[in-house]
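Reading through the structure tokens given below for one structure.
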Amino acid sequence: MIDITVPDPIDYLDEVAASAAGQAVKQRALHLLDLRAGHTVVDVGCGPGTDLGTLAAAVAPGGTVVGVDRDPVMVAAARARLAGEAGVRVRPGDAHALPLADDSADRARAERVLQHVDDPARALAEVRRVVRPGGRVVLAEPDWDGLLIDSDEPELSRRLTRFVATEIVRNATVGRSLARLCAGAGLVVRSVEAHTPVFRDFGTADRLLGLRRNVGRAVRAGHLDAGAEAWLEAVAARPFLATFVLFLVTAEVA
């Protein structure tokens, strides 16, 4: 029986950030942010502070980076990692009620955060509130309907994707909705990009996408039959390919 234990969240976020797919998205998002010395930038859902040091270097000298996260464990980890880093502040707070004043930031970013929040539209309204006119927002979110796994039984892959999109991730298709949600929040969308990282190593895909864990969950929930576990192991034993879709949106405050 497949182990469905959820990995340590900090270890998981660190592994995603260090992966080739994670680095590609982070570097592209950093470029799109167009950070300058002296800027104030907000990292919404900063997690264990993965990106705060890079952001701080980009706005030095004289810039400020504010990391916000609702999880006290993540806040503590970020504060420990960035202790002594000039210009970095880590604050506990919810994406729906950011602990910042109106028009107080030049830039804001959120990566793989809106897929988990209660109300993405409300969170984007908060981002709009704290970013001053002329400021820029960069958002990166997956669309889990785009999870694809090559196999000779594509219907099982479709059923696994449907389970992930309907039962595992709260806002599983928020990626495709980012441009519309930004417009609804009063942001002017400047660009929309779709990124499709390709995984040809099953072990890497399993760690980053939780393939075995989610198949196990789907079997226990009755969305897949017990043969799905053997199906996935057969997929792993052959030449492997999987992908998913992640949208990267750049928007500005008029």
Side-chain angles (χ1 to χ4, degrees), residues 13 17 25-36 38-52 54-56 58-59 63-71 74-75 78 82 87-143 169-195 246-254:
L13 290 174
V25 169
K26 288 181 183 299
Q27 290 170 15
R28 181 60 180 160
L30 184 65
H31 172 75
L32 292 171
L33 274 170
D34 190 28
L35 297 174
R36 309 291 176 85
H39 273 167
T40 294
V41 56
V42 182
D43 189 4
V44 181
C46 68
T50 308
D51 300 294
L52 299 183
T54 300
L55 296 172
V59 299
T64 301
V65 176
V66 182
V68 179
D69 205 284
R70 66 178 298 177
D71 186 341
M74 295 295 175
V75 170
L82 279 299
V88 175
R89 292 178 285 162
V90 181
R91 293 183 175 178
D94 194 290
H96 304 89
L98 294 171
L100 291 102
D102 295 359
D103 301 337
S104 59
D106 301 286
R107 300 287 190 267
R109 73 182 296 278
E111 180 188 331
R112 295 177 294 118
V113 173
L114 297 180
Q115 64 177 327
H116 300 303
V117 303
D118 292 336
D119 188 343
R122 183 179 163 199
L124 284 174
E126 273 294 279
V127 170
R128 167 65 182 83
R129 179 184 65 79
V130 303
V131 175
R132 60 177 54 98
R136 180 171 291 192
V137 178
V138 175
L139 308 166
E141 294 292 337
D143 190 313
V169 184
R170 175 175 286 161
N171 306 307
T173 60
V174 71
R176 75 183 72 170
S177 303
L178 283 177
R180 172 173 53 82
L181 291 170
C182 283
L187 296 164
V188 179
V189 176
R190 297 303 187 193
S191 67
V192 179
E193 301 177 4
H195 294 253
L246 183 140
F247 288 92
L248 195 57
V249 170
T250 305
E252 294 179 351
V253 178

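This one's a predicted model, so the numbers in the text were calculated from it and none came from an experiment.
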Report the residues that fulfil side chain to side chain contact (heavy atoms under 4.5 Å, CB included) with [X], sequence neighbours left out, ordered by chain and then residue number.
| X | answer |
| --- | --- |
| A125 | none |
| V113 | A110, V117, E141 |
| A183 | none |
| R176 | D143, D145, T173, F247 |

Take a 6.0 Å sphere around CZ of R70 and say whether it holds more than 12 heavy atoms from other residues, nucleotides or ligands. no
Any chance you could measure [X], atom [atom1], to [Y], atom [atom2], to the nearest 0.5 Å?
| X | Y | atom1 | atom2 | value |
| --- | --- | --- | --- | --- |
| H96 | L124 | NE2 | CG | 9.5 Å |
| R170 | D119 | CZ | CG | 10.5 Å |
| L82 | L52 | CG | CG | 4.5 Å |
| L114 | L181 | CG | CG | 8.0 Å |
| D94 | R122 | CG | CZ | 7.0 Å |
| H195 | L246 | NE2 | CG | 7.0 Å |

Grab the two heavy atoms, one from [X] and one from [Y], that are nearest each other, plus how far apart they are.
| X | Y | result |
| --- | --- | --- |
| V127 | A108 | CG1-CB, 3.9 Å |
| A58 | L35 | CB-CD1, 3.7 Å |
| K26 | A17 | CE-CB, 3.5 Å |
| D69 | C46 | OD2-N, 3.4 Å |
| P48 | L13 | CD-CD1, 3.7 Å |
| G47 | A78 | O-CB, 3.7 Å |

Please list, one pair per line, the donor and acceptor atoms closer than 3.5 Å that link side chains of residues 98-107 to other protein atoms, with sequence neighbours excluded.
{"unit_1": "D102", "atom_1": "OD1", "unit_2": "R129", "atom_2": "NH1", "d": "2.7"}
{"unit_1": "S104", "atom_1": "OG", "unit_2": "A101", "atom_2": "O", "d": "2.7"}
{"unit_1": "D106", "atom_1": "OD1", "unit_2": "R132", "atom_2": "NH1", "d": "2.7"}
{"unit_1": "D106", "atom_1": "OD2", "unit_2": "T40", "atom_2": "N", "d": "2.8"}
{"unit_1": "D106", "atom_1": "OD2", "unit_2": "R132", "atom_2": "NH1", "d": "3.1"}
{"unit_1": "R107", "atom_1": "NE", "unit_2": "L33", "atom_2": "O", "d": "2.6"}
{"unit_1": "R107", "atom_1": "NH2", "unit_2": "D34", "atom_2": "O", "d": "3.2"}

Name the one of L187, L32, V130, V44 that satisfies side chain to side chain contact (heavy atoms under 4.5 Å, CB included) with V137? L187
Which one of V66, V65, V131 satisfies the side chain to side chain contact (heavy atoms under 4.5 Å, CB included) criterion with V41? V65
Measuring only between side-chain heavy atoms, which start at C-beta, is R112 closer than 4.5 Å to P142? yes
Below 4.5 Å, heavy atoms only, C-beta onward: do V59 and T64 meet side chain to side chain? no
Any pair with a residue in residues 184-195 that passes salt bridge (charged side-chain N to carboxylate O under 4.0 Å, His left out), sequence neighbours left out, goes on the list, sorted by first then second residue, please. R28-E193, R190-E252
